[in-house]
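What follows is a single structure, written as C-alpha cells, with notes after it.
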Amino acid sequence: MSFRSSRGGGRRGRRGGRGCRDGSRERWEKGGDGGASRGHSSDRDRDQGAEGQGARHPPHLKGREIGLWYAKYGAVRRKQADRRSVRTVLGFMVLSETRTFISPAVAKDEPPDKWDEDEQQQDEKEKLMRVHEDLEFLFHEVVRDVSLDSYLKRDLQSKKSDPKYGEMLVGELVQLINSNRVLVVSGETGCGKTTQVTQFILDDHINRGMGSMCRVVCTQPRRISAISVAERVAAERAERVGNGNSCGYQIRLQSRLPRRQGSILYCTTGIILQWLRSDPLLSSISHLVLDEIHERNLQSDVLLIIVKELLNFRDDLKIILMSATLNADKFSKYFENCPMIHIPGLTFPVEEFLLEDIIEITRYRPQDPDRRSSWNRSFWQGRHIRPEKEEKETEYKESWPFYAEAPQANGCLFFLMFVCLFLEILLFFVCLSAAKCHVFVLQDGAILVFLPGWDNISSLNDLLMAQPMFRSDRFVIIPLHSLMPTVNQTQVFKRPPLGVRKIVIATNIAETSITIDDVVYVIDGGKIKETSFDIDNNISTLTAEWVSLANAKQRKGRAGRVCPGKCYHLYNGLRASLMDAYQLPEIMRTPLEELCLQIKILKLGSIARFLEKAPDPPTEKAVNLAIKNLIDLNALDHSENLTALGFHLARLPVEPHIGKLILFGALLGCLDPVLIIAASLSFKDPFFIPLGKEKLADMRRKTLSKNSKSDHLTIINAFRGWEEAKQHGARYEKEYCWDNFLSANTLQMLHNMKGQFAEHLMHAGFVSSKDPKDPKSNVNSDNEKLIKAVIVAGLYPKVAMIRPSHSKKRPGVKVYTQADGKVCIHPKSVNAEETEFNYTWLIYHLKMRTSSIFLYDCTEVSPFSLLFFGGDITIQKDEDQETIAVDKWIVFRSPARIAHLVKNLKKELDSLLEEKIRNSAPVDWQNRKSKDCAVITAIIDLITTQETPRAPWTRKHTYFDDDDDDKD
DNA sequence: GAGCACTGC
C-alpha cells in the first residue's frame, strides 16, 4: 500500500524538522504511550495524505482520524485549486462525529511543541497562511455536487459497515456512559481511547446544551503521557492546551489548566489522590476516567478502592475505567459487573516468533557450548528466584522432557534453555549471508532489544562493539536505561539515514515510557527486573524475572507503530504457557507505610479494612508490618490514630522517613541543604552514568563528596555547584553538568521540589518563608555535622555498623545491620571503597537485596548524632565497662556521668521537639535566652565540636570518645 | 564492584 512505502519521503523529512520525533526537541516527553500513539497514527495519516492523492483513507482509520486524514487530503487538493475536496473536508468533519467545529488548519497540525523560537515563528506564519487558505471556502456559495453527495454517502456507509467504526461510534459509548455509573472501556494502546473517550463525553454534553455540567478528569500513570495526551487533544480541538481552554493538564509542579467547567483535564493519578485531601467527594468532577489501570500501579489501585467507595456518596459521578483487553473483565467484576465496551486497536499487525521458531528460521546451532553457558549464567542474573515463582520453575523443569519430545520442539531446545542467544540472533538478523539463511530478509526499521538491566545492556553493547561490522557507520547502537544520559537525548528518536540500522538496547523503559516510532523489529529477552518486598526478611528485593504475557504483548506492540513488524521472544512455548498473565500488582509487592499514612489522612477508616477492599489486597502480614513501622516512627499511636508527627508526615508528599527529615531540617535551621537531600531521596539522585564511563563517573562523585563520607552531602555539593554554575549562564551550567555527569533536568526538578516542600512547611507553620534559602530557616546550614545529625533524625533506625576488614583480598570495611547481618555498601556510593572512616556508624535510606544486600546511599554519622536523634537510650554497666546504648544495639563506651547527662539532654530535646511539632512552630533563633534555643544550641554545640577521634576500630566493639568528658 | 520503571494540590 502506498502509505507504507511513503515513510522517509521528502515530505516526511521536511516535517521532521519540527516534528515531535526528530526536531530540535530536547526531551522525550512526547514519547509517551497511550493517547500519544493516537497522535502518531494521525501523523501517519498526514504522510499518507501528502502522497495518497485521489485515494481513499487507509482502512485502519476510524472516526475522527478519518476526518483528520481528509482534512489533510483536502489541504493538498486545495493547493491544486480543487474546491470540491474542500467540501469533502467539511462533509467529513460534520459526518464523522457529533463534534464541535474543528478548524482543519489546526487539526492537521502537529500538537504544540517546544521547537526553537525561530521555527515556532515560522510555523505560526505558516499556520496563519493556512488558516487563511482554509477560510477561503467560507466565502463561496455552497452548490450541490451530486457526485460528492454519493461519494459521501458511500463512504459513510462503508464506515458504518466496518465493525471498528461501528464500535467506535460516539453514540454507543456516550449512551453507555450516560446510562451507567461505571463503564469499562477496553482496548489496546493505539486504539485512541485516551484521546477520544474524554472528548466524546464533553462534546455530548455540549451538544445537549449541558456543557457547563461537564468536567472530565482523566488520570494517567506517567507525567509525560498526561502532557502529551492533553496537547494532542487540544490540537484536535483546534485549541492550545490550558489557558482556560477546553483541555489542560496538571502534574506535580507543572500545570496548564483548562476552564473549570465544560472541560477535560489530564492529570497524573497522584494529583487526584492529593485532591482528595481537600475535596473528598471530588465534587468538582463529573466524569472520572482512569486510564491504563491494567498496569496495576499502586496509585491507580488505591484510587480504584476510593472511587468504589465514593460511588456510595455521589450518585451523579460517572466512572470510566480504561484498560488493556487482557484483564478488562477483572475491573468489571470489581465494580459489580459493570458493562464493558471494546475498542479495537489501530496498530499494525506484528508477527510473533518463539524460540523454537527462531531456531528454525536462523538454523542456529550452538558452536561452543561451554563458553556460552557460562556467559549465559553471568548474563542473566537469575540466581535469586522469588518464592512464589519457584513453583513455576519446578513445573517448567518437570514438563520439559515431554515438551522436548513434541514435534514443535527443536532438537537443540534443551540446550538453548541455558544458553543466551542474543549475539547470535542479532548477528543473524543484521548480517544475513545468503549462505547461512535464505528465509530472512530484513526491511528498513529499527531493532529494539528488551533486556532486564544495566549489566545485560552493557554486555550486549560490548559484544556488538567487538564486531567490526557493528562499529561501522552502517549501525547506530543506542543503550537505553534510566541512568544513562541517552534517555534525555533525541538521538534515540531520530530516524537514521538510509542504509543505517538503528539498534536500541533497552530496559522496560521502552515498554511504556519511551516510544521509539520507527521500531519494526523487537527482540524480547523475556526477562524483566522487578522490585518486590520480602516480607519474611523485611527487605526490598530487585530480581530479574520472566516477563508476564502482558509485558510480552506490550513489547510486541512496540514493533507495529509504523508498519507491520516482527517480534522475537527468546523463550520457548513451554515457558510462554507457564507465564503469568500479568505482573503482580504493585500494591502486593511494595512497602505500605506511606500508603497507610495516606489512608489515615484521608480519613478512610481502619487501614486493614480499607486495604482488604483492593482488587488484589496486600497480605495481612504486610499491612501489619507497615503499621508497626509507623508506630515505631511515632507517626501512629497504638489505636492507629495519627500522632502530631504522623499528621505532618502524611501531609508531605514524600515517604515518612523523608518527611521526618524535612521537618527536622526546618526545626534545626538547616532547611536548604536538607531539602536538597529530601528531594533527591524521594525523586532520584541527579547523577548520570554513561555506559563505559562508570569509573570516571565514580571518580567525579568522589571528588564532589569533598571527603564528607556521605552520599547525601555529595548531592548537596553537586547541587550547590549547579546553582553557582547556573548563575554564570547556560553555557556554564551545561559544562558543569557534563563534567560532573549530572542531569540538569533532574537538578531542576529537585530545585522545584524544594520549593514545594518549603511551601508545605510554611503552611504547616514550621518556617516563616516559602523560600528554602530564607536566612531565618538556614541559621545552621553551613554546619555539616549538624546536617548529618538531621539525616539521622530523619532516617533512623536505618543504621549500619562499620567494622574493619582484615581481608587482604578486598580492602575496605565490613558493614552490618541489626536485622540482616553483613551487608554491602553499594559500589555507586562514595563510601564504597572508603577505608578511613571517622566513626563506626552509617545511616542510609535505601537498602535492597539484589545479588547481595546493598545500602544504596549512606552517610557516616557520629555517636552524638545517634544518641540525640536515634532511639531510646539505656545506660548499663557491664563488668568493668560503663556503656550508653541506643535501642540496645548501638553501644558506646561512656562514663556513667556523661551517659546520664546525655540521656537527660536527649529527654529535654525530645519534649521540646514534640512540643514544636504539636504546635508546629519554628524555633526562635533570635532569642538566645529562650529555653528552646538553649537546649538546641547545647546539643548542636555537642554535635559540632565533638573531636574527630582516632582510628575508630582500635577500640573493641564499642567506642565513645572519652575526650568529651569536659563538655556538657 | 553494580544501578527495572513510575509517582505526589
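Throughout, protein chains are lettered first and strands after them, A, B, ... in sequence-line order, and every chain is numbered starting at 1.
Proximity of A:T507 to the phosphate of B:dA5: a side-chain N or O atom is located under 4.0 Å from OP1 or OP2. Contact check, A:R223 against B:dG8: a side-chain N or O comes under 4.0 Å of OP1 or OP2. At the phosphate of B:dG3, OP1 or OP2 sits under 4.0 Å from a side-chain N or O atom of A:T850. At the phosphate of B:dG3, neither OP1 nor OP2 sits under 4.0 Å from any side-chain N or O atom of A:H481. OP1 and OP2 of B:dG8 both lie 4.0 Å or more from every side-chain N or O belonging to A:Q299. Residue A:T531 places no side-chain N or O under 4.0 Å from the OP1 or OP2 atom of B:dC4.
Side chain of A:S458 to backbone of A:W454: no donor-acceptor contact under 3.5 angstrom is found.
Across all strands shown, A:T268 has heavy atoms under 4.0 Å from sugar-phosphate atoms exclusively, and none from any base. Across all strands, A:N508 comes closer than 4.0 Å to base atoms (heavy-atom distances). Residue-level contact check: A:Q598 touches the bases, meaning some heavy atom is under 4.0 Å from a base atom. Using a 4.0 Å heavy-atom distance criterion, A:K695 is classed as a base contact. Residue contacts shown for A:L483 include a base, since a base heavy atom lies under 4.0 Å away. Residue A:S255 is out of contact with every strand shown, counting any heavy-atom pair closer than 4.0 Å. At a threshold of 4.0 angstrom between heavy atoms, the contacts of A:D698 include nucleobase atoms, whether or not backbone atoms are also involved. Among the heavy atoms of the strands lying under 4.0 Å from A:Q756 are primed sugar atoms or P, OP1, OP2 only; no base atom is included. Across all strands, A:I689 comes closer than 4.0 Å to base atoms (heavy-atom distances). Residue A:E594 is in base contact, counting any heavy-atom pair closer than 4.0 Å across all strands shown.
Interatomic distance, CZ of A:F450 versus CZ of A:R558, reported as 6.5 Å (0.5 Å rounding). How far CG of A:L842 is from OH of A:Y816: 13.0 Å, rounded to the nearest 0.5 Å.
Checked by distance alone, A:E655 brings no side-chain donor or acceptor within 3.5 Å of a matching partner on the base of B:dG8.
Annotation for A:L846 and A:D857: closest pair N-OD1, 3.0 Å, computed over non-hydrogen atoms.
Between A:N461 atom CG and B:dG3 atom P the separation is 18 Å, expressed in whole Å. Rounded to a whole Å, the CD1 atom of A:I272 is 16 Å from the P atom of B:dT7. Rounded to whole Å, the distance from NZ on A:K770 to C1' on B:dC9 is 14 Å.
Nearest to the side-chain atoms of A:E694 among the listed nucleotides B:dA2, B:dC9, B:dA5 stands B:dA2. Side chain of A:R252, nearest nucleotide from B:dC9, B:dT7, B:dA2: B:dC9. Of all nucleotides listed (B:dA2, B:dT7, B:dC9), B:dC9 comes nearest to the side chain of A:P653.
Comparing A:H760 and A:R701, the nucleotide of DNA chain B nearest to each residue sits closer to the 5' end for A:R701.
Taking the six-membered ring for Trp and the full ring otherwise, the centers of A:H648 and A:F766 sit less than 6.0 Å from each other.
Counted by atom type alone, A:N551 and A:E511 present one or more donor-acceptor pairs between their side chains at under 3.5 Å.
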